[in-house]
Undergrad: 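Attaching a single structure in structure tokens format; questions to follow.
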Amino acid sequence: MQVRDGQVVYGCSTVDLNGRVADRAVFGALDWPVGTRLEIRESGGLIVVCADEQGVFRVTGRDRLLIPAAARQWCRLSPGDRVLLAADPVGRRLVVYPPAVLDVLVGQALDDAFGGDGR
């Protein structure tokens with residue numbers, strides 16, 4: 001069994017019609033005030049969000065994030081998709097795990113757990 005040594009805060013959210021995701025615990029841990037500038041980019045199928053004074057995007061509301069249309073297209077996110085949110089409060093960053101990435105990660109874990117059978 002692995003021992004947890006990080007400070008990552010996890011949550012799940014549904015992408016709404018406008019591309020917003022919300023989770024009180026995740027965004028509370030990040031403590032980004034409204035107006036905080038953000039860099040939002042894709043990396044390996046994930047959406048990576050970092051507080052960045054030079055960022056183009058901004059926090060527009062408490063406990064939620066608007067994922068820009070371009071980022072949703074990069075990761076094939078649609079309204080109604082469920083995503084895993086992983087906040088790193090110390091690094092002031094958030095990673096959004098779209099369903100396609102979760103399918104791969106969970107599939108690998110199942111293969112490991114069941115000796116490659118995955119059933």
Side-chain angles (χ1 to χ4, degrees):
M1 174 187 249
Q2 291 193 9
V3 177
R4 191 161 183 245
D5 61 1
Q7 298 282 331
V8 177
V9 177
Y10 297 99
C12 290
S13 183
T14 302
V15 179
D16 77 6
L17 290 172
N18 296 311
R20 288 183 300 241
V21 292
D23 186 280
R24 183 170 290 154
V26 166
F27 291 104
L30 289 167
D31 196 29
W32 289 336
V34 173
T36 300
R37 289 180 172 271
L38 302 171
E39 173 195 4
I40 301 176
R41 62 185 169 82
E42 181 273 342
S43 178
L46 304 171
I47 297 172
V48 179
V49 184
C50 302
D52 182 341
E53 292 179 6
Q54 305 301 315
V56 174
F57 305 100
R58 291 182 187 262
V59 173
T60 58
R62 183 123 178 98
D63 300 334
R64 68 179 184 262
L65 171 72
L66 173 64
I67 300 173
R72 294 192 312 268
Q73 290 172 347
W74 298 329
C75 297
R76 297 187 175 122
L77 279 178
S78 300
D81 282 347
R82 298 280 294 163
V83 295
L84 173 65
L85 305 173
D88 171 12
V90 175
R92 300 190 69 207
R93 59 188 165 214
L94 170 72
V95 178
V96 179
Y97 290 78
V101 172
L102 291 173
D103 288 344
V104 171
L105 294 174
V106 171
Q108 290 171 345
L110 288 174
D111 283 348
D112 290 347
F114 296 108
D117 191 9
R119 288 188 263 154

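Position 1 is the first residue of the sequence; numbering continues from there.
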Undergrad: Would you list the atom pairs, donor with acceptor, under 3.5 Å between side chains in residues 22-44 and any protein atom, with sequence neighbours excluded?
TA:
| from | atom 1 | to | atom 2 | distance (Å) |
| --- | --- | --- | --- | --- |
| Asp23 | OD1 | Ala25 | N | 3.1 |
| Asp23 | OD1 | Val26 | N | 2.9 |
| Thr36 | OG1 | Pro33 | O | 2.7 |
| Arg37 | NH1 | Gly55 | O | 2.9 |
| Glu39 | OE2 | Arg41 | NE | 3.4 |
| Glu42 | OE2 | Gly44 | N | 3.3 |
| Glu42 | OE2 | Gly45 | N | 2.6 |

Undergrad: Please list every donor-acceptor pair under 3.5 Å in which a side-chain atom of residues 73-87 meets a protein atom from a residue at least two apart or in another chain.
TA:
| from | atom 1 | to | atom 2 | distance (Å) |
| --- | --- | --- | --- | --- |
| Asp81 | OD2 | Ser78 | N | 2.8 |
| Arg82 | NH1 | Thr14 | OG1 | 2.8 |

Undergrad: Please enumerate all residues that pass salt bridge (charged side-chain N to carboxylate O under 4.0 Å, His left out) together with Arg72, with sequence neighbours excluded.
TA: none
Undergrad: For Arg20, what residues pass the salt bridge (charged side-chain N to carboxylate O under 4.0 Å, His left out) criterion, not counting sequence neighbours?
TA: Asp16
Undergrad: How far apart are the closest heavy atoms of Val15 and Gly19, and which atoms are they?
TA: CG1-CA, 3.8 Å
Undergrad: Check the hydrophobic clustering (I, L, V, M, F, W, Y; side-chain heavy atoms under 4.5 Å; chains of links allowed) and say if Phe114 and Val106 are grouped together.
TA: yes
Undergrad: Could you see if Ile47 belongs to whatever hydrophobic cluster contains Val56? Use Ile, Leu, Val, Met, Phe, Trp, Tyr and a side-chain cutoff under 4.5 Å.
TA: yes
Undergrad: Side chains of residues 93-100: which donor-acceptor pairs under 3.5 Å do they make with residues two or more places apart or in other chains?
TA:
| from | atom 1 | to | atom 2 | distance (Å) |
| --- | --- | --- | --- | --- |
| Arg93 | NE | Asp88 | OD2 | 2.9 |
| Arg93 | NH2 | Asp88 | OD2 | 2.9 |

